[in-house]
There are 2 protein chains.
Amino acid sequence: MIDRHHLEILRAVDRDGSLTAAAESLHLTQSALSHAIRKLERYLGTSLWLRDGRQLRLTQAGEYLLSLSNRLLPQLEHAEQVIGQFARGQRGTLRIGMECHPCYQWLLKVVGPYLEGWPDVDVDVKQKFQFGGIGALFGHDIDMLVTPDPLHRPGLVFEPVFDYEQVLVVSGDHPLASREFVVPGDLERETLITYPVEVERLDIYTRFFLPAHASPARHKTIETTDIMLQMVAAGRGVSALPKWLVAEYAEKLPVVPVRLGEEGLPKQIFLGLRERDCEVDYLNSFMNLAREVRWG
Amino acid sequence: MIDRHHLEILRAVDRDGSLTAAAESLHLTQSALSHAIRKLERYLGTSLWLRDGRQLRLTQAGEYLLSLSNRLLPQLEHAEQVIGQFARGQRGTLRIGMECHPCYQWLLKVVGPYLEGWPDVDVDVKQKFQFGGIGALFGHDIDMLVTPDPLHRPGLVFEPVFDYEQVLVVSGDHPLASREFVVPGDLERETLITYPVEVERLDIYTRFFLPAHASPARHKTIETTDIMLQMVAAGRGVSALPKWLVAEYAEKLPVVPVRLGEEGLPKQIFLGLRERDCEVDYLNSFMNLAREVRWG
DNA sequence: AATATTCCATGAAATAAATTCACGAACTGG
DNA sequence: CCAGTTCGTGAATTTATTTCATGGAATATT
């Protein structure tokens, strides 16, 4: 079998011009080289060098193998470099899972600076998971989960990265637009627009309507934040979104945030990752960056 | 060091799905594989597989190394094939040296059929040698020499491959065109055109003029046969070439062959090669083919 | 021409590496 | 829960590699 060692020998003998010199640069004795060559030549059934006096001259087979060496060895050497980077957490693909629809806007603000700091790390964002975000984390489909629901489990670590207030969004000319805050009863004749996820994961239900045994008149689901807010601006319904997100859209659309309940609906976004990965530099660095991003 | 063996392991584990199965197909025990993997992982400083229950799942570093395996292993395997062909003399570059200018036409007739029979052998023809054709043969710059002067030396083998007659060429309307043969004195007022080689290697001197202590009036040299015969046809000189070659050109140009001396000037072309190479199939085969080519 | 030096080959001995054996722990599917 | 797999590990064994010691052959030196 032609081994990497053999390719190194071909290259070294060619580079250094003699067995003795090649042995030196390979940190071997000349004898060891001679034995190794003899063995390879016997295996291949052909000589690789012509011994012409004390000169070595490559045969055609030798030339061929030398060119192979010059092609393959750099690839192997590069691979070791790259794997070293993997090992030191300087390279990889950071696969982020999102369980929080509006967080996409937030994520973009983190990813930008991150990519600059980690030129060898690629970022990939996934939004659909067969067994939920936690399952995807366990199943190694993703490396990091952005979620408002930190389901603590052994082997997983969650850290809050930012706090915000979930608010009701209404159009600028909506009767509720000027209210200090709304109570569940205020929305009994309204159409509520949400992302298409299970009701249990919608805080406006779990923390606002359900405790008061109330509910909106209608419930529609829409995939994208943009369209959702277009609908709200057009007076076709109300929605519940992060306050900072509404603030951003308020510059372009006639939408207004209104506090949900007297105390408001405080929320937190968590980043989750596998406990084992906590020490991985490029994941850790993402966490730190995420905590630093601030909002007006 | 990432070794070929390691790449084979990556590939086998991926292909067979488990260590045990991979060990089987590599003709190893599972234990040996486990040890080898552990050693590689320690060397690289990172794990290549995640042990998740009894499932193995590649890490990013593992994926990377697997793709390297799939790229490099086929090249190594192909190289062994090719070197096997070198060893069995089924492949190579047959480097032919020519010391006989007009023989190029003859060579072309041999090379054609040869290339068909040896699809993996390339033919390369060289015409200039720093230390002569014999030197080139000894110095392994060429593998075979086409020459009219078989300088027998230990380590070299020469075989005559074809006989022909060297003739004088004159234009159709030349006074000598109708002669049965010419003697040296007939050419004392002529311009002789030859290839640009030493006079000692021109038979018309060594075997025709010099024995008679005669010489032509002028001597010009021209590199190519085509131009040489154009000159002869135009009556600008006479030349000495193989009879068969003149016969071929006579169809297109007004040139006529005339016997040199009463007996003519018989010549032989020899193929020479290194004694050691006598058993090499693709060289041997060329010799045989060369002997078979016949001339009208 | 004699001598020294350099370079490669080789067999035996020493060393290092890979592989197997034997066993145990952890997981999977019935 | 149990039988059957699968993987990991230390010690023993086998195999491969490397060194040591040496010699021969080609080149350089005087």
Side-chain angles (χ1 to χ4, degrees), chain A residues 1-59 62 66 131 135 138-140 153-155 276, chain B residues 1-59 62 66 131 135 138-140 153-155 276:
Chain A
M1 196 166 76
I2 299 174
D3 226 340
R4 173 173 184 173
H5 189 52
H6 298 131
L7 301 184
E8 307 253 24
I9 290 173
L10 263 289
R11 184 174 63 173
V13 172
D14 182 65
R15 168 165 37 84
D16 302 334
S18 78
L19 272 205
T20 315
E24 175 90 4
S25 75
L26 291 171
H27 307 293
L28 284 174
T29 57
Q30 171 270 318
S31 175
L33 252 197
S34 190
H35 282 294
I37 285 170
R38 157 156 293 269
K39 196 180 165 196
L40 177 62
E41 287 183 333
R42 294 180 64 137
Y43 166 75
L44 294 175
T46 181
S47 63
L48 263 14
W49 288 274
L50 293 169
R51 280 72 166 175
D52 161 18
R54 69 194 205 196
Q55 290 275 298
L56 287 184
R57 170 203 305 282
L58 284 169
T59 60
L66 174 62
F131 304 108
F138 267 118
H140 286 263
R153 297 258 184 114
R276 292 183 140 197
Chain B
M1 197 166 75
I2 299 173
D3 226 342
R4 174 172 183 174
H5 189 53
H6 298 131
L7 301 184
E8 307 251 26
I9 290 173
L10 263 288
R11 184 174 62 173
V13 172
D14 182 64
R15 168 164 38 83
D16 302 336
S18 78
L19 275 204
T20 315
E24 175 88 4
S25 74
L26 292 171
H27 305 294
L28 285 172
T29 57
Q30 171 270 319
S31 176
L33 254 195
S34 191
H35 281 294
I37 285 170
R38 154 156 296 265
K39 196 179 167 198
L40 177 62
E41 288 183 331
R42 294 180 65 140
Y43 167 75
L44 293 175
T46 180
S47 63
L48 263 13
W49 287 273
L50 293 167
R51 280 70 168 178
D52 162 19
R54 67 196 209 195
Q55 289 277 297
L56 287 184
R57 173 203 302 283
L58 284 170
T59 60
L66 174 61
F131 304 107
F138 266 118
H140 285 265
R153 297 258 183 114
R276 291 184 142 196

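Hydrogens, waters and symmetry mates are skipped; everything else that's a heavy atom, side chains included, is used. Every chain is numbered from 1, with letters handed out A, B, ... down the list of sequences.
- The shortest distance between the side-chain N/O atoms of Arg38(A) and the OP1/OP2 oxygens of dT10(C) is below 4.0 Å.
- Counting heavy atoms from C-beta outward, Ile37(B) and Leu19(B) have side chains that approach closer than 4.5 Å.
- One finds no salt bridge joining Glu8(A) and Arg4(B) here, because no Lys/Arg side-chain nitrogen approaches an Asp/Glu carboxylate oxygen to under 4.0 Å.
- When atom types are taken as modelled, the side chain of His6(A) and the backbone of Asp3(A) share a donor-acceptor pair closer than 3.5 angstrom.
- You'll find that the side chain of Ser18(A) is closest to dC8(C), out of dT17(D), dT19(C), dC8(C).
- Residues Trp49(B) and Arg51(B) form a side-chain contact, since some pair of their non-hydrogen atoms from C-beta on lies under 4.5 Å apart.
- No side-chain heavy atom of Asp14(B) sits under 4.5 Å from any side-chain heavy atom of Leu10(B).
- For the residue pair Ile9(A) and Ala36(A), the shortest heavy atom distance occurs at CD1-CB, 3.8 Å.
- Residue side chain His35(A) meets the stacking definition with respect to dT10(C): its ring centre sits within less than 5.5 angstrom of the base's six-membered ring centre, and the planes differ by less than 30 degrees.
- Leu33(A) comes within 4.0 angstrom of no nucleic acid atom, judged by non-hydrogen atoms across all strands.
- The minimum heavy-atom distance linking Leu33(A) with Ala22(A) is given by the pair CD1-CB, 3.8 Å.
- Over its full length, the helix from dA1(C)-dT30(D) to dG30(C)-dC1(D) turns its helical axis through 40°, comparing axes from the five pairs at each end and rounding to 10°.
- Listed nucleotides dT9(D), dT17(D), dT18(D) differ in distance to Lys39(A); the shortest reach to its side chain belongs to dT17(D).
- Side-chain N/O atoms of Thr20(B) include one lying less than 4.0 angstrom from OP1 or OP2 on dC7(D).
- The pair Arg15(A)-Glu24(A) does not count as a salt bridge, with every side-chain nitrogen at least 4.0 angstrom from each carboxylate oxygen.
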Identify all pairs in which a protein N or O lies below 3.5 Å from an N or O of nucleotides 21-29 of chain D, and state each distance.
{"unit_1": "dA26(D)", "atom_1": "N3", "unit_2": "Arg54(A)", "atom_2": "NH1", "d": "2.9"}

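- Listed pair Ser34(B) / dC7(D) fails the phosphate criterion, with no side-chain N or O lying under 4.0 Å from OP1 or OP2.
- Contacts of Leu28(B) with the nucleic acid, taken as non-hydrogen atoms under 4.0 Å apart, involve only primed sugar atoms and P, OP1 or OP2.
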